[in-house]
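As structure tokens, the structure follows; a few thoughts come after it.
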Amino acid sequence: MRGFDSLIVLFDGALRTLAGVHRVQRASPAAQVAEDALDAHARAEAAALMRVNHVGEICAQALYQGQALTARDPQTRGTLAQAATEEQDHLVWSAQRIAELGGRQSLLNPLWYGGAFALGAVAGALGDRWNLAFVAETERQVEAHLEGHLARLGDADARTRAVVEGMRADEARHRQSALALGAAELPEPVKLGMRAMAKLMTTLAYRV
Ligand SMILES: [Fe+2]
Ligand SMILES: [Fe+2]
């Protein structure tokens, strides 16, 4: 019965993520930031970047769910659960910003979710040290990726920047807490493989 219960919880989490019905713990960092006057091109570009970030947050939900399911140590599980809650805020913030910019979410979201969940479950099954290693490396790559978006956005769009900066600060903390819990260092080929997958995902999500 326990297995069946956790299956229901997982299914519920997946539906909430894909339907976008998560509740936020913290208001968007953009809440107090005035909207800049953007031309159509700048709006479309910012919306596409936020679509990519939203896909990243869909994957974060799936990854953390997959990992929390298989993590052994209660402290590790607790840290993963706390990070997952903050990732829910990111999911909502980026969805809000896409809507404000008049953009749309990725049509491939169910696919991204499924793939990331499977990865998270595999990482979790390898044991906590590797599970945390995967978290730390993912967050490091996301941080670098958000840094790149900030450079592309420039100074003209303070509201989008505020969301991206808020998420980047959280991702940095997620990486540090994974390291503090004893994350191993992933082998270089694994990191390269993760980067290649992320590249494919972000390229696709920018368009579809
Ligand atoms: Fe995030
Ligand atoms: Fe994160």
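Scope of the values below: all heavy atoms of this structure, side chains included, with no hydrogens, waters or symmetry mates. Both ligands and their constituent atoms are indexed starting at 1 by order of listing.
- Applying the salt bridge (Lys or Arg N to Asp or Glu O under 4.0 Å) criterion to R173, with sequence neighbours excluded, gives E86, D170.
- Shown here are the side-chain hydrogen bond (donor to acceptor under 3.5 Å, both in side chains) partners of E171, two or more places apart in sequence or in another chain: H90, H174.
- Side chain of R161 to backbone of G154: a donor-acceptor contact under 3.5 angstrom is found.
- Residue-and-atom listing of protein N/O/S atoms under 2.8 Å from the Fe ion (ligand 2), sorted by chain and number: E87 OE2, E139 OE1, E139 OE2, E171 OE1, H174 ND1.
- Remark: the backbone N or O of A30 is paired with a side-chain donor or acceptor of R159 at under 3.5 angstrom.
- The side-chain hydrogen bond (donor to acceptor under 3.5 Å, both in side chains) search around Q176 returns none, not counting sequence neighbours.
- No donor-acceptor pair under 3.5 Å is formed between the side chain of T17 and the backbone N or O of I58.
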